[in-house]
Trainee: 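Once you've had a glance at the structure underneath, I'll fire off some questions.
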Amino acid sequence: MFDVTWLALSPIFLQISTDGMNLINYDPRQFYAETEGGSSFKYVIVPTGRKIQRFVNMAVEGNSVALPQFLKKIELIKQGAEARVYRGSFLGKPTIVKERFPKLYRHPLLDEKLTHRRTVQEVRSILRCRKAGISAPVVYFVDYTSHCIFLEDIVGSITVRDHIASTPLSSAQKIPEERLDQLAKKMGQILAKMHDEDVVHGDLTTSNMLLKAGTESGETELVLIDFGLSYISALPEDKGVDMYVLEKAFLSTHPNTEALFEKLLKAYAASSKKSHAVIKKLDEVRLRGRKRSMVG
Amino acid sequence: MCSSFYFIKKKNVIHYNSPSPSNSLAVMTVVIGFEGSANKIGVGIVRDGEVLSNPRRTYITPPGQGFLPSETARHHRSVILTVLKEALEEAGLKPADVDCVAYTKGPGMGAPLVTVALVARTVAQLWGKPLLGVNHCIGHIEMGRLITQANNPTVLYVSGGNTQVIAYSERRYRIFGETIDIAVGNCLDRFARVIKISNDPSPGYNIEQMAKKGTQYVELPYTVKGMDVSFSGILSYIEVRSGKMLKYNQCTAEDLCFSLQETLFSMLVEITERAMAHCSSQEVLIVGGVGCNLRLQEMMGVMCKERGAKLFATDESFCIDNGAMIAQAGWEMFRSGQTTELSDSWITQRYRTDEVEVTWRD
């Protein structure tokens, strides 16, 4: 009947398995159900699995108590600059919950506007990337009232930042450098693919890329995360600025890795069809930073 | 109080030996600093981490006008010797007591920098003391570190001419995030010109006071690009729209000041938070003229509390450009063995913070 794996998601049903649910006679996109408490909830189906034909944007209304309670029970792994990240199990799958909590230092109107915009952009960009075959976590569920995104947990992965930091860069040892060269090449290729899809990540740093041990050939796979500042743009200007952000983050976190970044750019230029304009813009943007006059 | 170093005069070049580490504890090093890269001219004297004097004068223009390089330089020329005299008198020192003359090498406005460098060079040669060219941004950071005793903070340097998020790593103050166009103080000052508020004591201070009375939040563009920020967009927006908004009474000037501050400072707090998360840092230090703004300090404090981090800020005598900060940075540089030859004592308008090798920290 379906060539896509469907999962019905609901905060209330987290404690109950989905076996008891009657999945016949409903609109493929949404249905209403009643819980014992008598409150009515609108449930939305999110397609997960390999063949994603269509993603249905959704909003879950109603009781927002269940979600905070769920968050209290699962493990908080870190508080990043924008969101709290939890690790838990959601319908049997290892899940990361990214909660964009309200920032008290901002004016409430500004905060709401920003948080909502970022949540929406993040989900849209991840799905656009996934549709194009770029490695990004699967989106399981989104709650727009509390701005939570339930994402696939990439188990057994480390950030590229930690990987580079743990690999010694001395010129005497050739082997570690070769490993990093492979990494730089992969990074260039995946970024080229992303920019060809007109997705501008907006916050490219080595902490926002994960290295996952691959299952087939034992090769490591690169996964992009944290699309909170991303947007869709075809302009070489925006893509150039994107690469500039990565370059600066790269060189400030990992000093003396200029050669590595050059290899990344070479791989990028080789993999992308529209790379020439972007690299040209990147050179322009680099000069922009330096020539800026500083007064005072 | 005798100095433990000596100098040899070779033709027109003067060489010095700096105090060796072994007897540095016994010797007190006095450094005088000259600062005048923008509209503030200050001379400060520092002795081993103690600020002995720090007088300053500000060139204030009428409302609606900014300060131009030539006029600023003229102002500095007219007051610098008075300020120098004040500094020596307040500290109770004679020229012979000074060990090193530090001045702002850059970045900043050309004409004022030249004026100050000229006085510093002359004074150094008259008194027979070594010269030291200091980076203005490093001056702010070192003074912030001295006053607050912060260990290894993420520094937010915000002023009229610079907006950078800096963290120390491997002998350099690395810039993690910065403005890709204008500085936040510049944005505030130019907006102050648009609504024609007084520049006395500073436009930013007057915007802060007006913002306290603002109630309505006006939506303004918010531009954070990764770790960087951009202010020219929000400035153009508010320059163009404020006229109409005020004319048709959609909001008051106080509301605009309030909204502008909220938006600008939210952007700054956000990039600081990102840098902190990236470096796993638990301390924040705000330096630079805009760092005096209590609303910015308040917002940063809220963010720090949420993360369990500590906020360090200084008061307006050290936030705003002053001579003692140049003296303090000069003190650090001098004690680690650096001096500037006379032939190298030029100034530059473009001098990045990460160009300086930080030889006084591990």
Side-chain angles (χ1 to χ4, degrees), chain A residues 78-85 101-114 117-118 159 161-162 200-208 226 228-231 237-238 241-256 285-286 288-296, chain B residues 37-40 106-109 136-137 159-162 167 169-170 172 174-183 185-186 217 219-220 222 224-228 259 262-263 265-266 269-270 273-279 288-289 298-303 305-307 321 349-352 354:
Chain A
K78 81 169 181 160
Q79 184 155 322
E82 258 200 70
R84 278 188 214 117
V85 182
F101 53 93
K103 297 282 180 163
L104 298 168
Y105 66 81
R106 286 187 201 141
H107 190 276
L109 286 173
L110 174 63
D111 189 50
E112 178 58 39
K113 181 185 93 170
L114 278 176
R117 196 213 294 173
R118 296 221 173 125
T159 63
R161 175 168 178 250
D162 293 333
V200 177
H201 187 282
D203 192 13
L204 282 173
T205 66
T206 46
S207 319
N208 287 340
D226 208 348
L229 286 182
S230 59
Y231 53 98
E237 158 82 26
D238 294 327
V241 170
D242 210 19
M243 297 305 286
Y244 183 60
V245 166
L246 175 63
E247 180 176 21
K248 289 217 300 181
F250 212 92
L251 298 176
S252 50
T253 328
H254 312 285
N256 307 317
V285 174
R286 275 190 192 133
R288 241 185 254 164
R290 294 250 145 80
K291 274 196 184 156
R292 214 167 15 87
S293 88
M294 298 159 147
V295 176
Chain B
S37 56
N39 65 337
K40 276 80 71 181
M109 297 169 93
H136 180 89
C137 317
S159 71
N162 295 286
S169 162
E170 288 191 31
R172 297 238 169 205
R174 305 200 182 256
I175 301 177
F176 274 84
E178 57 183 337
T179 169
I180 59 177
D181 36 50
I182 59 173
N186 194 357
Y217 173 74
E219 207 176 297
L220 298 169
Y222 185 98
V224 168
K225 300 193 176 195
M227 299 266 231
D228 294 329
S259 310
E262 292 297 307
T263 315
F265 296 162
S266 295
V269 175
E270 179 170 349
E273 193 171 15
R274 276 172 197 280
M276 282 172 75
H278 197 58
C279 309
E298 191 188 332
M299 285 168 86
M300 197 67 83
V302 171
M303 182 274 279
K305 206 168 107 180
E306 278 179 356
R307 301 184 66 84
D321 294 347
Q349 289 182 263
R350 309 181 204 286
Y351 191 9
R352 280 184 74 82
D354 48 20

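In what follows, every chain begins at residue 1, and chains take the letters A, B, ... in the order their sequences are listed.
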Trainee: Give, as side chain, backbone, both or neither, the part of A:Leu204 having an atom under 4.5 angstrom from any heavy atom of chain B.
Mentor: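 No part of A:Leu204 comes within 4.5 Å of chain B.
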Trainee: With chain A, which of B:Glu262, B:Lys40, B:His278, B:Glu170 has the greatest number of heavy-atom pairs at distances under 4.5 Å?
Mentor: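 Option with the top pair count is B:His278.
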Trainee: Stepwise, does the side chain to side chain contact (heavy atoms under 4.5 Å, CB included) test hold for B:His136 with B:Asp321?
Mentor: CA-CA 9 Å; B:His136 180 89; B:Asp321 294 347; 3.1 Å; yes
Trainee: Report the option among B:Val302, B:Asn39, B:Leu220, B:Thr263 that has the most heavy-atom pairs separated by less than 4.5 Å from atoms of chain A.
Mentor: B:Val302
Trainee: List in chain and number order the residues that pass side-chain contact (heavy atoms from CB on, under 4.5 Å) with B:Glu298, two or more places apart in sequence or in another chain; answer none if no residue qualifies.
Mentor: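 Scan of B:Glu298 (side-chain contact (heavy atoms from CB on, under 4.5 Å), adjacent residues dropped) gives B:Arg295.
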Trainee: Looking at B:Glu270 and A:Lys103, does any basic side-chain N land under 4.0 Å from a carboxylate oxygen?
Mentor: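 No salt bridge links B:Glu270 with A:Lys103.
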Trainee: Which atoms of A:Leu229 come close to chain B, meaning under 4.5 Å heavy atom to heavy atom: side chain ones, backbone ones, both, or neither?
Mentor: side chain
Trainee: Taking side-chain contact (heavy atoms from CB on, under 4.5 Å) as the definition, give me every residue that meets it alongside B:Asn186, ordered by chain and number, with sequence neighbours left out.
Mentor: B:Ile182, B:Ala183, B:Arg190
Trainee: With only heavy atoms counted, which part of B:Glu306 is less than 4.5 Å from chain A, the side chain, the backbone, both or neither?
Mentor: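 Both parts, heavy atoms under 4.5 Å.
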Trainee: Which atoms of B:Met303 are under 4.5 Å from chain A, going by heavy atoms: the side chain, the backbone, both sets, or neither?
Mentor: both
Trainee: Heavy-atom pairs under 4.5 Å with chain A: which of B:Met276, B:Arg172, B:Arg274, B:Arg307 has the most?
Mentor: B:Arg274
Trainee: Roughly how far apart are A:Arg118 CZ and A:Lys113 NZ, rounded to 0.5 Å?
Mentor: 10.0 Å
Trainee: At a 4.5 Å cut-off on heavy atoms, which part of B:Ser266 comes close to chain A: side chain, backbone, both, or neither?
Mentor: both
Trainee: Once you round to the nearest 0.5 Å, how far does CZ of B:Phe176 lie from CG of B:Asp354?
Mentor: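 It comes to 11.0 Å.
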